[in-house]
Structures are given as C-alpha cells and as structure tokens.
Amino acid sequence: MNIVTIIGARPQFIKAATVSRAISKQKGINEILVHTGQHFDSNMSDVFFDELEIPKPNYNLGIGGGSHGEQTGLMLQEIEKVLMNEKPDWVLVYGDTNSTLAGALAASKIHIPVVHVEAGLRSFNMRMPEEQNRILTDHISSVLFAPTDIAIKNLEKEGIYNNVLNVGDVMFDAALFYGDLAERKSNVLKNIGVQTKSYVLATVHRAENTDDSNRLLMIFSQLNKIAIQEKVILPLHPRTKKALEREKYDFSKSSIFFIDPVGYLDMVALEKSAKMIVTDSGGVQKEAYFHNVPCMTLRDETEWLETVDAGCNHIISDLLSIFDRFQSLSKQQFDFSRKLYGTGRSATEIVEYLMK
Ligand code: UD1
Ligand code: UDP
C-alpha cells in the first residue's frame, strides 16, 4: 500500500511524526512524504524533522509565503504532479492549513481517496482560513479520523457518517512520547535562566490577532502588563514578528522576553514548567491541558471545547481584560484529571484501520 502524506506547517510535522513512526513499524505500507514548503525557516521546519526523527521528505515543493490564493493554487498544481507520478492508494492530510486543503483537493479531483487526520473540528467562524480549509477537506475525504466525540457530532450535522472514527488526538500521542524526552534533553529553562513555575509562556500567531492592528497592539500591551509582574516568555512566530515590525513595535521598551521559535522538545519543556500559558494556538491549548498547565486562549471561540468544559482553558474574547483575568486565574486551582483526547494510541489505530 502506498500513501502520500502532505505536510507543510509546524503543527503538521508534530502530528505526522507520530503517524509516520507507526507507519514505519507496519509491514506493507510505503509512505511518501511531501513537504509543501509552507513553513521554511529552519526553526519552523528542519528542527522538527531532526528532533522528531521524521524521515526526510521525498519531495519539497518550496511553496512558502504569498497570499492564500497564490499559496494554495501553487500547492494544488505541484501536488497534482506528485500524485500523478506516485499514483498512491491514499493521500493523508492533517489539520486545517492551506497545505491540508491543497493536498485534499489535488487528490480528490483525480479520484485518489483522502484520509483526514483531525477531522470534524469546527470554530463556527467562517472568517477563519482554517475553518474554510477544514470544512472543505472533510467534505472531500474518504476516511475521517476525528479526535473527539464533539468532532464526530459536527461531521454528522454536516451529513458525513461513513468511515468516521474517533481515534483520539495524535498530538496526545506526541505529548506522551516526547514529554519525558523533553525533560531529559532540553536545556531551555537553564539557558533562559528560569525556575519551574516562575514564568508565563505565551504564543500569538493567528491571523485574526496579527492582521488586525488594534487586536495585535492590545494583546502585546496586556502581555507587557503581565511581564512587568511575572516573566513572560514568548517564542515569536514569523507572522507575528512581521506584524509587530509593521506596527513599528519597540522591542527594546517591552518587558516581554522574546525568543525565536523553538523546537518541539524545548517547547514542551517550556510548557511543562510554565505557571500559565497564554496563547491563540490550537495545539498549544491542548498541550497546556496535557501538561497540567492552565491556559488563557486569546480568541472569541475554540475548537477544543473539552478543555474549556473541564475548566482549564479560558476563552478571553475581551482582550482588554487579559491582565485582570490573568491575575484572577493565577489564584485558582484546576483539575486536569479527565482524559479528553484518547489513550495515546491514536497513530496506531489510524494505521490499523488503513491496513484493514
Ligand atoms: C499557518 C496556518 C495556521 C497554523 C499555522 C501554524 C494557514 C492558512 N494557516 O499560519 O492554521 O496555525 O500555520 O504555525 O495555512 N513565514 C516565515 N517563515 C516560516 C513560516 C512562515 O517567514 O518558516 C512567514 C510567511 O512568509 C508568511 C507568514 O509567516 O508571511 C505566515 O505564514 P503562513 O504559512 O502563510 O501562515 P501562518 O500564519 O504560519
Ligand atoms: N511549537 C513549537 N515551538 C514554538 C511554538 C510552538 O514547537 O516555538 C509547537 C507547539 O508545541 C505545538 C505546535 O507547535 O505542538 C503548535 O503550532 P502552532 O501554534 O504554530 O499552530 P496551531 O496549533 O495553532 O495550528
């Protein structure tokens, strides 16, 4: 059986690492990896291949940057060429990025069945490029691996019932597999000079926060208020760096401790020891829960409702309240005991199902 896997953005390398490892252990499957090039800086791409031992991509299409149409269109064109050449039995896509949609659409148009990992997530906000990508991908997929029952229900509401399975979340597999390794291998806390539970970890990259000047400046002003009181460590996504430069943000006057994007092991180490995580990332919200750290999510909604229902993830839609909410949440206790995202066997279940 031949599978072509399409990946391109940081979270997809982490998701694919667990499934690719399960595929490599299974006789009878050959995986061909295609990197679209959507993320291309070495600390946004190569570092994950090295650390997570993902095989070197068979194809790197080198399509990074550009507008949505330009990026997705070029990917569609180039992925189609790869698929015509490789003629796989399945095309495997992850999540909700432009690489996901381009991979799914290229395959579906030429009648190669699409397997979508992380199917069924919905924010119900169609302005998000990710919401458009995931809905379109789900509707042209032949096998849909959903991480939660809520995701399964979302698919049912859209009339998608066949070959839909809740296998749990591949990112939970990754958190379990790399969690201990991160503690043993990462020196990031020592290098930065912080003690465990003595700092806040923040990430910001979502288009709705970076492309809107008011939201961007509000977030960074509120994070700065926290940073005057507590160390705030912020690995800066290239999109956000560009946005802050556009706004002529004065980094030298900020109390936030900016660092370049870090590899996954350092990120997990930083997450595990943070006293609070403040983020707009999908993956980081869940990892906060996996590592028992309370989370504040800087968005109007989330796809990961289970973490909110468990009381451990707080949606902060009023950005002016970030600092006040941080102060009140810092005094609260949280219960992380519910298992929300499977048993850590997601990747194995995906491969077993495909073999059947
Ligand atoms: C993309 C995904 C988003 C995901 C995020 C993960 C889409 C529509 N968005 O957003 O769902 O949460 O990845 O991080 O697919 N850039 C660099 N170097 C890099 C990567 C990006 O300079 O290594 C620059 C690009 O040139 C571009 C900007 O950052 O100007 C945004 O990159 P892009 O991949 O288009 O979107 P993300 O915001 O990263
Ligand atoms: N991540 C990382 N280094 C960083 C920031 C994030 O390894 O500097 C990891 C993080 O642990 C998570 C994933 O990248 O596994 C989340 O990616 P991102 O926030 O870019 O995208 P999203 O999950 O929102 O799509």
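Remember, it's 1-based here, ligands and their atoms both numbered in the order they're listed. This one's a predicted model, so the numbers in the text were calculated from it and none came from an experiment.
Remark: side-chain polar atoms of E51 are paired, donor with acceptor, to backbone N or O of L265 under 3.5 angstrom. No donor-acceptor pair under 3.5 Å is formed between the side chain of N224 and the backbone N or O of S254.
For atom 7 (C) of ligand 1, the choice among R239, M128, Q38 with the nearest heavy atom turns out to be Q38. When the heavy-atom distances from atom 14 (O) of ligand 1 to H237, R134, R10, Q12 are ranked, the shortest goes to H237. Across the listed options H205, H39, E131, H205 owns the non-hydrogen atom lying nearest to atom 12 (O) of ligand 1.
Applying side chain to side chain donor-acceptor pair (under 3.5 Å) to N133 and the options T72, N98, D138 leaves one that passes, N98.
We find that K81 and E78 are joined by a salt bridge, their nearest charged nitrogen and carboxylate oxygen being less than 4.0 Å apart. Between E118 and K286 a salt bridge is recorded (basic side-chain N to carboxylate O distance below 4.0 Å). Salt-bridge formation is detected for the pair R134/E131: a Lys NZ or Arg NE/NH1/NH2 atom is positioned less than 4.0 Å from an Asp or Glu carboxylate oxygen.
F220 places a side-chain heavy atom less than 4.5 Å from the side chain of V204. Using a 4.5 Å heavy-atom cutoff, the side chains of L201 and M267 are in contact. In this structure, the side chains of L319 and R215 come closer than 4.5 Å at one or more pairs of heavy atoms.
When hydrogens are left out, the protein atom nearest atom 18 (N) of ligand 1 is D41 OD2, 2.9 Å; that is the closest non-hydrogen contact. Scanning the protein for heavy atoms near atom 25 (C) of ligand 1, the closest one is K242 NZ, 3.9 Å. For atom 8 (C) of ligand 1, the nearest non-hydrogen atom of the protein is N98 OD1, 3.4 Å. Ranking the protein heavy atoms by distance from atom 35 (O) of ligand 1 puts Q71 NE2, 3.4 Å first.
Every atom of ligand 1 is numbered from 1 in the order shown, and the set under 4.0 Å from a heavy atom of H68 is 8 (C). Atoms of ligand 1 lying under 4.0 Å from any heavy atom of P238, numbered from 1 in the order shown and given with element: 16 (N), 17 (C), 18 (N), 19 (C), 20 (C), 21 (C), 22 (O).
Annotation for V308: hydrophobic cluster partners, listed by chain and number, are I315 (ILVMFWY side-chain heavy atoms under 4.5 Å, direct or chained).
The aromatic rings of F334 and F336 lie tilted to each other, with the angle between the two planes from 30° to 60°.
Under 4.0 Å from ligand 1, the heavy atoms of P11 that appear belong solely to its side chain. Heavy atoms of M44 found under 4.0 angstrom from ligand 1 belong exclusively to the side chain. By the criterion of a heavy-atom distance under 4.0 Å, the side chain of E130, and not its backbone, is placed next to ligand 1.
When heavy-atom distances to ligand 2 are checked against 4.0 Å, the residues falling inside are R10, P11, I14, F48, M171, H205, R206, P235, P261, V262, G263, Y264, M267, E271, S281, G282, G283, V284, E287, ordered by chain and number.
Considering backbone and side-chain atoms alike, F40 places an N or O below 3.5 Å from some N or O of ligand 1.
Residue contact annotation: K241 has no non-hydrogen atom under 4.0 Å from ligand 1.
In this model, a donor atom of one side chain and an acceptor atom of the other lie less than 3.5 Å apart for N313 and T307.
Less than 6.0 angstrom separates the ring centroid of F49 from the ring centroid of H35.
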